[in-house]
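Basis for what follows: all heavy atoms, side chains included, without hydrogens, waters or symmetry-related copies. Here the structure is a predicted model, which means the values were calculated and not measured. For reference, positions follow the sequence shown, starting with 1.
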Amino acid sequence: MYDLLVVGAGPYGLSIAAHAVAAGLRVRVFGRPMAFWRDHMPRGMLLTSPPWASDLSDPQGRWRLDVFRAFRGLTGGDAEPVPLEVFTGYGLWFARNAVPGTDERTVTRVAPRTGGFEAVTEDGETYTARTVALAVGLLPFAELPAALRGLPPALVSHSSRHARLDRFRDRDVTVLGGGQGALETAALLAEQGTRVRLLVRADRLRWERPWRRPPWPPGRWYAERPGLYRRLPERARSRIAARALGPAGSWWVRERVEHRVEVLYGREVAGAREVPGGLRLETAVRRGGSAVLETGHVIAATGFRPALGRLRPLSPELRALLATGAGGVPEVGPEFESSYPGLFLAGPVTAACFGPAARFLHGVPFTADTLVRGVRRRLRTGPAGWPLPPAHDDGAPEALPR
């Protein structure tokens with residue numbers, strides 16, 4: 001039986017595993033390292049996070065992004081965005097050095113059992129552990145507008161479904177959204193010769209200013225103090241989450257969009273139907289009225305909506321035991337432990353409790369360090385109903401980490 005199973009091998013999962021290994025825990029990590037970044041982000045993309053806030057985390061700080069760049073002889077300073085290809089290479093390098101032996105199989109089911117949990121892999125093999133950290137990232141939470149659900153993927157897709165955009169070259173594409181994902185997708189499409197337009201609900205686009213340290217403006221203390229954010233009343237957290245870090249584009253993508261991409265402001269898709277050659281979109285105009293347009297494909301860069309029901313690896317009986325807050329998102333304690341003892345959650349699904357930092361790489365170090373402390377505490381105390389640890393051949397109980 002393992003001390004900890006980590007489900008997910010993105011930045012959060014790998015960093016949690018690195019801290020757990022350093023703490024002497026018996027750990028197994030499942031997932032294809034950096035799969036979301038390798039398989040679901042378009043080539044040519046640049047990271048939104050500044051270089052100094054794009055590190056994965058290990059306790060000694062040995063495997064930082066700047067160390068990787070120096071090791072590989074790569075150029076680029078704190079004022080330049082990090083290319084996707086550099087970041088994915090960095091994540092794989094981190095995994096090889098800090099978390100060797102990652103199991104690339106997908107976990108299809110996590111269920112409670114006496115003394116902890118069992119996890120079943122895609123090929124039917126079962127593993128047991130005293131604790132589980134679920135770090136499934138963003139992909140399970142991709143959100144499509146209601147008017148587009150049920151339409152074929154050949155006509156409608158979420159922006160997270162495209163590692164390559166070249167199949168849209170010389171076609172007509174409509175991108176929905178006014179955030180970084182929509183703006184950069186539109187820029188990449190335009191640069192390859194796609195006829196592209198943006199549909200934006202707001203009356204204007206918002207652009208972030210060039211980076212400075214710290215990565216967030218000083219007034220946004222909640223991004224730097226996730227532990228303090230969690231102590232706020234739920235109503236205050238919900239209000240901040242609704243206003244904080246709204247849709248905006250990075251400063252370096254602005255010139256690639258303005259005067260190069262058609263932008264239709266104050267529009268929202270109210271209906272859609274398939275027509276020869278693509279889709280007919282009925283759009284509601286914010287200032288009144290409606291408009292119709294036809295397009296070959298819609299890419300919805302409409303974000304992600306974490307919810308308990310989308311945490312598919314969790315068995316139905318385990319999901320039923322989890323307490324949820326506003327929006328049906330699982331509640332977690334100060335060390336990222338869910339209401340079910342021994343089950344820990346990490347990444348964007350915890351943003352409702354720990355704030356916007358949990359949606360970005362900036363939240364990785366705090367999460368990894370805090371969560372592993374919680375795992376060690378849980379291993380020492382054990383939840384109600386856990387039996388004694390299994391005995392060795394000499395009859396002595398197996399020692400738990402201190």
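Side-chain contact between Phe344 and Leu134 is absent, with no heavy-atom pair separated by less than 4.5 Å. The side-chain heavy atoms of Thr283 and Glu268, taken from C-beta on, include no pair separated by under 4.5 Å. Under the 4.5 Å side-chain criterion, counting only non-hydrogen atoms from C-beta, Arg287 is in contact with Asp203. For the pair Leu56 and Phe87, the minimum side-chain heavy-atom distance is below 4.5 Å. Contact of the Leu139 side chain with the Phe141 side chain is not registered, since no non-hydrogen atoms from C-beta on lie closer than 4.5 Å. Taking the side chain as every heavy atom from C-beta outward, Val298 and Leu151 never approach each other to under 4.5 Å. Counting heavy atoms from C-beta outward, Arg267 and Val200 have side chains that stay 4.5 Å or more apart. Side-chain atoms of Trp252 and Leu46, non-hydrogen and from C-beta on, do get closer than 4.5 Å to each other.
Around atom CD of Glu125, more than 12 heavy atoms belonging to other residues, nucleotides or ligands sit under 6.0 Å away. Annotation for Arg28: atom CZ counts as buried by contact number, over 12 foreign heavy atoms lying within 6.0 Å. Counting heavy atoms of neighbouring residues, nucleotides and ligands inside a 6.0 Å radius, atom CZ of Arg319 exceeds 12 of them. Under a cut-off of 6.0 angstrom, the local environment of CZ in Arg209 is sparse, with at most 12 non-hydrogen atoms contributed by other residues, nucleotides or ligands.
Qualifying salt bridge (Lys or Arg N to Asp or Glu O under 4.0 Å) partners for Arg64, counting only residues two or more places apart in sequence or in other chains: Asp66. Under the side chain to side chain contact (heavy atoms under 4.5 Å, CB included) criterion, Pro334 pairs with Arg230, sequence neighbours left out. Among residues two or more places apart in sequence or in another chain, the side-chain hydrogen bond (donor to acceptor under 3.5 Å, both in side chains) test is passed with Thr48 by none. Residues passing the side chain to side chain contact (heavy atoms under 4.5 Å, CB included) test with Arg109, sequence neighbours excluded: Ala111, Val120, Ser315, Pro316, Glu317. Legend: residues meeting side chain to side chain contact (heavy atoms under 4.5 Å, CB included) with Arg280, ordered by chain and number and at least two apart, are Arg273, Val275, Val292, Glu294. Considering only residues two or more places apart in sequence or on other chains, Tyr90 meets the ring pair (Phe, Tyr, Trp, His ring centres under 6.0 Å) condition with Phe68. Applying the salt bridge (Lys or Arg N to Asp or Glu O under 4.0 Å) rule to Asp170 yields no partners; only residues at least two apart in sequence or on another chain are considered. Residues meeting the side chain to side chain contact (heavy atoms under 4.5 Å, CB included) test with Ala18, sequence neighbours left out: Asp58, Phe94, Ala98, Val99. With sequence neighbours excluded, no residue satisfies side-chain hydrogen bond (donor to acceptor under 3.5 Å, both in side chains) with Arg96.
The CE atom of Met41 lies 10.0 Å from the CZ atom of Arg161; values are rounded to the nearest 0.5 Å. Distance check: Leu148 CG to Leu281 CG gives 7.0 Å after rounding to the nearest 0.5 Å. Taking CH2 of Trp93 as the start and CG of Asn97 as the end, the distance is 6.0 Å to the nearest 0.5 Å. Separation of atoms CZ (Phe168) and CG (Leu189) is listed at 7.5 Å; rounding is to 0.5 Å. Annotation: the span from Leu176 atom CG to Arg197 atom CZ amounts to 11.0 Å, rounded to 0.5 Å. The CG atom of Leu343 sits 10.0 Å away from atom CG of Leu321, with the distance rounded to the nearest 0.5 Å.
A salt bridge is absent between Arg26 and Asp3: the closest approach of a Lys/Arg side-chain nitrogen to an acidic carboxylate oxygen does not fall below 4.0 angstrom.
Among all heavy-atom pairs drawn from Leu4 and Ala133, the shortest one is CD1-N, 3.6 Å. Minimum interatomic distance between Val29 and Gly8 (heavy atoms only, all atoms of both residues): CG1-O, 3.9 Å. Residue Leu198 comes nearest to Gly177 through the heavy atom pair CD2-O, 3.5 Å, listed as atom of the first residue, atom of the second, then distance. Residue Leu345 comes nearest to Thr350 through the heavy atom pair O-CG2, 3.5 Å, listed as atom of the first residue, atom of the second, then distance. Heavy atoms only, all atoms of each residue included: Leu361 and Ala53 are closest at CB-O, 3.5 Å. Summarising the geometry of His162 relative to His158, their closest heavy-atom pair is CD2-O, 3.6 Å, with the distance given to 0.1 Å.
A donor-acceptor pair under 3.5 Å is formed between the side chain of Arg237 and the backbone N or O of Ala352. A side-chain donor-acceptor contact under 3.5 Å links Ser15 to the backbone of Pro11.
Sorted by first and then second residue, the salt bridge (charged side-chain N to carboxylate O under 4.0 Å, His left out) pairs involving residues 178-194 (not counting sequence neighbours) are Glu191-Arg256. Within the structure, the salt bridge (charged side-chain N to carboxylate O under 4.0 Å, His left out) test picks out the following pairs touching residues 142-151 (sequence neighbours left out): Glu143-Arg149, Glu143-Arg305, Glu143-Arg310. Identified under the side chain to side chain donor-acceptor pair (under 3.5 Å) test for residues 329-343, with sequence neighbours left out: Glu335-Arg377, Glu337-Arg377, Glu337-Arg378.
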Determine, step by step, whether His297 and Ser157 satisfy the side-chain hydrogen bond (donor to acceptor under 3.5 Å, both in side chains) criterion, reporting the C-alpha distance in whole Å, the side-chain angles of both residues, the deciding distance to 0.1 Å, and the verdict. CA-CA 8 Å; His297 189 95; Ser157 58; 2.8 Å; yes
For Arg43 and Asp166: C-alpha separation, side-chain torsions, deciding distance, then whether salt bridge (charged side-chain N to carboxylate O under 4.0 Å, His left out) applies. CA-CA 10 Å; Arg43 300 296 177 265; Asp166 51 1; over 6 Å; no
Decide yes or no on side-chain hydrogen bond (donor to acceptor under 3.5 Å, both in side chains) for Ser250 and Gln180, but give the supporting numbers first. CA-CA 7 Å; Ser250 296; Gln180 176 69 12; 3.2 Å; yes
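Aromatic ring centres of Trp251 and Trp207 lie farther apart than the 6.0 Å criterion allows. In summary, the aromatic rings of Phe117 and Tyr127 are positioned with their centroids too far apart to meet the 6.0 Å limit.
There is a side-chain donor-acceptor pair under 3.5 Å between Thr295 and Thr174. Side-chain contact check for His19 and Ser57: at least one donor-acceptor pair (N or O, by modelled atom type) lies under 3.5 Å. Using a 3.5 Å distance cut-off with no hydrogens or angles, the side chains of Glu122 and Thr108 do not pair a donor with an acceptor.
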